[in-house]
Amino acid sequence: MAYHAAYDAWNRDGEAFWGRAAGAIDWYRKPQRIFDGDLGVYGLWFPDGETNSCYNCLDRHVAAGHGDRNALIYDSPVTGKVEHWTYARMLAEVETLAAVYLDFGLSKGDRVVVYMPMIPEAVVAMLAAARIGAVHSVVFGGFAANELAVRINDTEAKLVVSASCGIEAGRAVAYKPLLDTAIAISDHKPAHCLILQREQLAASLDQGRDIDFSAAMDRARRAGVSVPCVPVAATDPLYILYTSGTTGQPKGVVRDNGGHMVALKWSLPNIFGVGPGEVFWAASDIGWVVGHSYIVYAPLLNGSTTILYEGKPVGTPDAGAFWRVIADHGVSVLFTAPTALRAIRKEDPEALLARKYDLSSLRALFLAGERADPDTVRWAEAVLGTPVVDNWWQTETGWPIAGNPLGLGLLQVKHGSAAVPMPGYRVKILDDGGHPVESGTLGNVVIELPLPPGCLPSFWKADDRFRDGYLREFPGYYRTADAGYIDDDGYIFIMSRTDDIINVAGHRLSTGSMEEICASHADVAECAVIGIADPIKGQIPAGLLVVNANVTKPPAEIEREVIGLVRERLGPVASFKTAVCVKRLPKTRSGKILRGTIKKIVDGESWKMPATIDDPAVLDEIAQVLTARGIGAA
Ligand code: COA
Ligand code: AMP
């Protein structure tokens with residue numbers, strides 16, 4: 001099998017393996033050294049290579065005569081638009097925006113925050129930054145002003161590129177007021193904001209700071225300056241993508257240029273089985289890592305056609321939306337999160353809408369972002385008649401740690417498993433003491449160092465936080481913070497997180513950060529936020545609040561206010577719609593809140609009374625309150 005040959009080749013000589021893979025990328029200076037373990041936090045890939053990610057995504061394909069090939073198809077049921085962007089057009093737009101960036105005084109290493117909906121200009125904004133060696137940081141549109149402010153502050157961005165609005169469930173969501181608030185509360189102030197006015201809702205521009213995107217592009221176009229790609233070190237940052245941590249402070253995952261390109265370029269044909277010129281659709285959002293890697297960079301590096309879909313799996317206009325896009329654009333491989341399929345299945349359990357469309361172009365469906373539950377996988381297999389492939393990875397790794405490599409030849413599918421480790425990753429299961437466990441035994445999932453190309457070299461300006469959070473607990477290994485097991489055939493099963501992260505509709509969120517917000521309400525003495533099972537979103541957060549003594553405000557009012565606070569500070573993406581006032585929280589005798597036990601009770605799972613519990617009666621109390629409110633299976 002090609003997979004075993006590839007994995008063995010990497011296992012025998014990892015540097016030779018990645019050195020060969022690096023041959024698929026164009027370099028200004030070809031790396032002589034493949035990996036240096038003495039550099040950075042755990043080593044750096046291709047330390048003496050020089051390259052440019054925009055060049056490899058666009059210029060090289062145009063230079064090779066593929067300028068007429070579609071780079072991107074923008075399919076937007078929410079605006080009724082479909083646009084085809086060839087590689088030549090994409091390059092021209094990126095060059096123009098790069099000229100605008102230079103006019104603003106941006107240069108190599110400067111940061112650009114991109115806060116945009118799913119429109120082609122967002123991709124242009126990312127690649128234009130890459131072209132001049134600037135570092136982009138995309139912020140998901142569903143986050144609130146405070147989250148945006150944290151990112152503007154931490155990156156010290158010189159420029160923010162944004163749009164007047166996004167479109168959600170038939171309504172325009174104004175982005176500009178969120179941006180204005182973010183800048184007002186951020187200590188760092190970007191010099192300029194470039195605002196794309198959308199016809200659905202215009203924004204008022206702040207004289208001096210805000211510049212109209214289209215007008216700036218027109219001026220640059222008229223000036224006709226050409227902007228060559230700036231060579232950067234392979235180890236220079238391409239982007240920073242913030243992801244939830246165990247506190248309210250998100251972690252800035254850094255991605256380099258060289259290793260990232262080598263890994264993604266290898267992954268698209270070998271794991272996803274997609275060739276140049278073929279249409280690949282990652283139905284995610286550019287604000288998430290799946291969007292960065294598989295809407296933008298991997299398909300463009302590979303000379304494939306990517307789809308940028310501004311819509312939902314349901315409601316735009318119906319549960320046949322995904323099938324229509326596959327048929328309209330001849331999608332070869334689709335990649336989405338299981339939650340999207342659960343949403344479709346709920347609306348159209350028999351998949352009657354799928355019968356309206358010709359889905360014959362589709363070869364496979366890849367699922368990631370959360371565990372692909374066997375029931376959903378079986379349903380999708382029956383509807384599509386293609387392999388449905390789970391793959392497991394994280395914002396930190398940037399590409400699959402484990403999967404079933406369609407391109408190398410599909411291995412046996414085991415429902416509930418993300419299949420086997422990809423070359424580059426030696427995955428182990430350790431107990432809490434750091435000892436390997438027997439196959440089939442649940443434990444901490446770790447990856448032997450060094451991480452392969454494409455994975456984070458560190459956090460933005462926070463090496464120690466990276467070491468402390470990921471490398472210290474199990475020396476020699478990267479801690480994934482996932483729990484799982486490996487079976488006798490080497491198949492990996494990822495079951496849950498070992499930290500406070502929950503997965504809500506494929507979106508990664510920290511319950512700790514929600515607790516910080518709940519606790520900031522003047523009437524809340526203490527709280528616990530847990531992720532409870534949800535049939536569509538996988539998990540949704542629920543907050544248990546203990547109110548200060550002497551508060552006379554009705555509990556329902558406090559609950560409403562706390563829900564409003566989380567929406568306002570973290571954003572609607574948190575789906576935080578359940579808050580319940582309780583008399584007290586169950587705790588251990590040392591004062592630790594027993595979140596895990598509450599969650600089991602709410603989810604209707606079997607649970608044992610923790611031996612260390614301070615007062616067992618509290619659990620019954622909580623169960624009664626939740627049952628009375630119809631929350632969970634309690
Ligand atoms: N801008 C502004 N608001 C946004 C937003 C954006 N880009 N994305 C989501 N929101 C809002 C939604 O409108 C919703 O607001 P509401 O509480 O007022 O209804 C809230 O954030 C929660 O959004 P979401 O979790 O997406 O729920 P939903 O009910 O709108 O849709 C699904 C549910 C399952 C259809 C949707 O989550 C989905 O398509 N998921 C696909 C998986 C995915 O993209 N995963 C990413 C990683 S692969
Ligand atoms: P994110 O960084 O947002 O991509 O979230 C990464 C986390 O999502 C992982 O650490 C897992 O907890 C979870 N996850 C992603 N893909 C899978 C999968 N295929 N199976 C199980 N869990 C997954």
Side-chain angles (χ1 to χ4, degrees), residues 78 115-118 122 139-144 163 165-175 178 241-245 251 253 282-295 309-316 319 321-322 335-344 346-347 366-373 377 389-404 416-419 445 456 479-484 492-499 501-509 534 536-540 563 566-567 570-577:
V78 297
Y115 184 56
M116 288 184 122
M118 289 283 285
V139 181
F140 177 62
F143 281 125
C165 68
I167 298 155
E168 280 291 305
R171 68 192 152 95
V173 178
Y175 276 31
L178 295 172
L241 179 59
Y242 287 83
T243 187
S244 301
K251 304 178 280 197
V253 168
S284 176
D285 188 289
I286 47 148
W288 306 115
V289 70
V290 173
H292 277 65
S293 294
Y294 292 105
I295 296 176
Y309 175 69
E310 191 183 22
K312 298 264 175 179
V314 295
T316 56
F322 272 26
F335 181 2
T336 191
T339 189
L341 295 182
R342 291 196 296 267
I344 295 170
K346 179 169 175 248
E347 302 270 304
F366 280 78
L367 296 176
E370 55 177 321
R371 182 163 182 265
D373 55 287
V377 173
V389 184
D390 189 3
N391 61 116
W392 163 64
W393 47 296
Q394 316 178 304
T395 306
E396 290 84 344
T397 68
W399 63 287
I401 306 167
N404 199 332
S417 168
V445 188
L456 80 170
R479 161 186 176 266
T480 64
D482 279 319
I492 300 172
F493 291 73
I494 301 298
M495 305 310 289
S496 61
R497 292 283 300 196
T498 58
D499 57 9
I501 298 292
I502 56 169
N503 205 310
V504 182
H507 311 317
R508 171 172 161 179
L509 298 162
D534 180 81
I536 303 296
K537 296 194 176 190
Q539 282 181 303
I540 47 165
I563 289 172
V566 177
R567 193 176 171 94
L570 189 56
V573 66
S575 295
F576 186 88
K577 295 186 174 163

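Read the numbers this way: they start at 1 and go in the same order the structure lists the ligands and their atoms. The basis for the numbers below is simple: all heavy atoms, side chains too, and nothing from hydrogens, waters or symmetry mates. Numbering starts at 1 and runs along the sequence shown. In this text, all values refer to a predicted model and were calculated from it rather than measured experimentally.
Of the N or O atoms in R171, one or more lie within a sub-3.5 Å distance of an N or O in ligand 1. Residue G369 places at least one N or O, backbone or side chain, under 3.5 Å from an N or O of ligand 2. Distances between N or O atoms of Q394 and those of ligand 2 include at least one value under 3.5 Å.
Which of R497, E396, E370 comes nearest to atom 23 (C) of ligand 2 through a heavy atom is settled by distance: it is E370. Atom 35 (C) of ligand 1 has its nearest heavy-atom neighbour, among P313, A283, A505, G141, in P313. Taking each of K346, E370, K312, K537 in turn, the one with a heavy atom nearest to atom 29 (O) of ligand 1 proves to be K537. Taking all heavy atoms of P572, S284, G369 into account, the minimum distance to atom 48 (S) of ligand 1 is reached by S284.
Aromatic ring centroids of W393 and Y294 lie under 6.0 Å apart.
In this structure, atom 17 (O) of ligand 1 lies nearest to the protein heavy atom K577 NZ, 2.8 Å. Closest protein heavy atom to atom 34 (C) of ligand 1: T339 OG1, 3.6 Å. With hydrogens left out, the protein atom closest to atom 18 (O) of ligand 1 is R567 NH2, 2.8 Å, a heavy atom. If you check which protein heavy atom lies closest to atom 5 (O) of ligand 2, you get R508 CD, 3.5 Å.
Under 4.0 angstrom from ligand 2, the non-hydrogen atoms of T395 come from both its backbone and its side chain.
Heavy atoms of A169 stay at 4.0 angstrom or farther from ligand 1.
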